[in-house]
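The model shown is predicted, which means the values in this text are computed figures rather than measured ones.
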Amino acid sequence: MLKGFYLTLMIGPAIPIPVPQFVMDALTGVQITNTAAPHSPSGFSLTFTAGSNSPLHSLFLISGGGMFPLMRVVLMVTVNGIPDVLIDGVITKQDIGPSNEIGQSTLTITGVDLTAVMDLIDFSGVPYPAMPSEARVALILAKYMLFGIVPLIIPSILIDVPNPLEKFPVHQGTDFAYLNELADRVGYVFYISPGPVPGVSIAYWGPQIKIGVPQPALNINMDAQTNVESMSFGIDTESKTLPVVYAYVKEAHLTIPIPIPDISPLNPPLGLIPPLPKRIQFMKDTAKLTPIQAVLIGLARASKTSDVVRGSGSLDVLRYGRVLKARQLVGVRGVGIAFDGLYFVQSVTHNIKHGEYKQSFSLTRNGLVSTLPKVPV
């Protein structure tokens with residue numbers, strides 16, 4: 001579609017295969033959104049030119065007729081020789097836009113990542129006796145290996161295994177809903193990340209990791225080094241909350257309050273000056289839980305309000321030199337002393353058309369002023 005990058009589109013009912021060249025020639029627009037927000041799957045939209053006699057109708061709309069209810073789509077982009085799998089998902093909707101002008105009719109297919117497969121069947125009532133959350137997650141994900149889903153499970157620091165003689169947990173809702181529920185209880189996240197190769201995805205259940213090697217810096221107001229089209233930043237000091245849980249210690253017959261911080265080894269301060277919480281939330285409903293359960297719920301609540309510094313912007317991928325990825329760190333330069341530094345990429349949206357490849361993005365962190373003396377280039 002454009003000199004400087006190359007698209008690979010694969011479609012199939014179970015194992016996707018590269019599409020014929022006439023399909024790639026008809027592809028006029030791609031939009032893919034990847035987000036780190038909890039419970040938010042990645043989504044995609046592909047737009048094709050399709051006349052009334054186009055073979056695209058039979059290729060895509062057959063999935064809506066019941067023959068192949070799960071039509072899989074994989075899209076990979078290669079920028080400067082580096083391949084990146086942008087989406088591995090299934091089609092959920094097809095729309096036809098007829099036109100009186102020759103060659104202007106469109107076919108648009110939309111879908112979500114492979115979490116859609118996990119959200120089809122309600123498995124409520126399946127028992128998990130004497131199994132911690134990590135074991136339950138592994139057992140649930142095992143049934144999706146056929147789709148190339150490889151589990152990556154990080155054990156919780158605070159493991160709580162119910163006594164099977166007293167009670168045992170049972171599955172609630174679909175697999176996707178229950179995996180997210182288990183993640184929420186311990187302050188974790190669950191998502192599916194496509195790649196590293198087409199047809200393979202990583203199902204991650206663990207903490208939202210905000211450490212690692214940052215991506216190349218986003219530069220603005222730096223003359224020839226500027227590599228973004230626009231950026232803006234702000235701070236929301238009203239949203240930060242300090243949760244206080246009440247834990248009941250059965251041996252001492254006491255209920256004790258425990259304030260929960262929002263900083264952990266995997267969620268370090270990215271800003272030197274974190275704003276103080278303006279609100280305290282007393283979670284009295286945790287008094288009926290064990291201390292471990294109460295702390296887990298408090299950590300989950302604290303992590304949701306810690307990132308009060310937010311930014312957004314857009315860039316041209318070819319000028320940036322690579323694909324900006326969500327759920328990783330990135331440097332920011334040229335904004336000013338308060339907002340320069342490292343950020344967590346909360347979401348990215350890929351917009352690909354004939355002649356251009358652009359991304360819009362949103363960034364977050366938990367304080368002002370960079371913690372580093374120099375932002376990595």
Taking the basic N atoms (NZ, or NE/NH1/NH2) and the acidic carboxylate oxygens, is any pair closer than 4.0 Å for [X] and [Y]?
X: Arg365; Y: Asp307; answer: no
X: Asp84; Y: Lys325; answer: yes
X: Lys358; Y: Glu229; answer: yes

For the student: nearest non-hydrogen atoms of [X] and [Y], plus distance:
X: Pro41; Y: Thr35; answer: O-CG2, 4.4 Å
X: Arg136; Y: Pro169; answer: NH1-CB, 3.4 Å
X: Ser370; Y: Leu272; answer: O-CB, 4.0 Å
X: Ile153; Y: Pro155; answer: O-CD, 3.6 Å
X: Arg322; Y: Gln359; answer: O-OE1, 4.3 Å
X: Ala217; Y: Asn227; answer: O-ND2, 3.0 Å

Is there a path of hydrophobic side-chain contacts, each under 4.5 Å between heavy atoms of I, L, V, M, F, W or Y residues, that connects [X] with [Y]?
X: Leu270; Y: Ile235; answer: no
X: Ile82; Y: Val317; answer: no
X: Val375; Y: Val228; answer: no
X: Ile17; Y: Met76; answer: no
X: Ile96; Y: Phe22; answer: yes

When you look at Thr49 and Thr28, which way does the side-chain hydrogen bond (donor to acceptor under 3.5 Å, both in side chains) test go after all the steps? CA-CA 7 Å; Thr49 56; Thr28 59; over 6 Å; no

So do [Y] and [X] actually touch side chain to side chain, heavy atoms under 4.5 Å?
X: Ile258; Y: Tyr246; value: no
X: Phe339; Y: Val332; value: no
X: Ile260; Y: Pro243; value: yes
X: Val74; Y: Val85; value: yes
X: Phe44; Y: Thr110; value: no
X: Ile280; Y: Val244; value: yes
X: Leu218; Y: Leu315; value: yes
X: Leu342; Y: Pro376; value: yes

side-chain hydrogen bond (donor to acceptor under 3.5 Å, both in side chains), that's the test. Do Asn351 and Tyr357 meet it? Break it down for me. CA-CA 6 Å; Asn351 291 287; Tyr357 181 4; over 6 Å; no

Check the surroundings of atom CE in Met145: do more than 12 heavy atoms from other residues, nucleotides or ligands lie under 6.0 Å from it?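 It does not: Met145 CE has 12 such atoms or fewer within range.
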
Has Leu372 got more than 12 heavy atoms of other residues, nucleotides or ligands less than 6.0 Å from its CG? yes

Rounded to the nearest 0.5 Å, what separation is found between the [atom1] atom of [X] and the [atom2] atom of [Y]?
X: Leu46; Y: Leu9; atom1: CG; atom2: CG; result: 6.0 Å
X: Leu324; Y: Ser314; atom1: CG; atom2: OG; result: 11.5 Å
X: Ile220; Y: Gln225; atom1: CD1; atom2: CD; result: 13.5 Å
X: Leu139; Y: Asp175; atom1: CG; atom2: CG; result: 9.5 Å
X: Leu152; Y: Ile192; atom1: CG; atom2: CD1; result: 12.5 Å
X: Tyr343; Y: Ser362; atom1: OH; atom2: OG; result: 12.5 Å

Side chain to side chain contact (heavy atoms under 4.5 Å, CB included) between Val77 and Val30, worked out: CA-CA 11 Å; Val77 63; Val30 175; over 6 Å; no

Where do Asp119 and Thr174 land on the side-chain hydrogen bond (donor to acceptor under 3.5 Å, both in side chains) test, with the steps shown first? CA-CA 5 Å; Asp119 208 24; Thr174 64; 2.6 Å; yes

Report yes or no: is the cationic atom of Arg327 (NZ for Lys, CZ for Arg) under 6.0 Å from the centre of the six-membered ring of Tyr191, at an angle within 45° of the ring normal?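 Yes, a cation-pi geometry.
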
Lys NZ or Arg CZ of Lys143 over Phe123 ring: under 6.0 Å, within 45°: yes

Passes side chain to side chain contact (heavy atoms under 4.5 Å, CB included), His350 versus Asn34? Steps please. CA-CA 8 Å; His350 309 261; Asn34 308 117; 3.1 Å; yes

Determine yes or no for a side-chain-to-main-chain donor-acceptor pair under 3.5 angstrom, with [X] supplying the side chain and [Y] the backbone.
X: Gln208; Y: Ala37; answer: no
X: His171; Y: Gly173; answer: yes
X: Asp113; Y: Ser42; answer: yes

Report the C-alpha separation of Leu363 and Phe344 in whole Å, then their side-chain angles, then the decisive distance to 0.1 Å, and conclude whether the side chain to side chain contact (heavy atoms under 4.5 Å, CB included) test is met. CA-CA 6 Å; Leu363 314 174; Phe344 179 72; over 6 Å; no

Intermediate values then yes/no, side chain to side chain contact (heavy atoms under 4.5 Å, CB included), Leu7 and Met24: CA-CA 9 Å; Leu7 284 177; Met24 294 302 300; 4.0 Å; yes

Give me the ring orientation class for Tyr188 and Trp205: parallel if the planes are under 30° apart, tilted from 30 to 60°, perpendicular past 60°. perpendicular

Taking the six-membered ring for Trp and the full ring for Phe, Tyr or His, determine whether the centres of Phe361 and Tyr320 are under 6.0 Å apart. no

Let me see the working for Thr349 and Thr33 under side-chain hydrogen bond (donor to acceptor under 3.5 Å, both in side chains), right down to the final yes or no. CA-CA 4 Å; Thr349 297; Thr33 299; 3.3 Å; yes

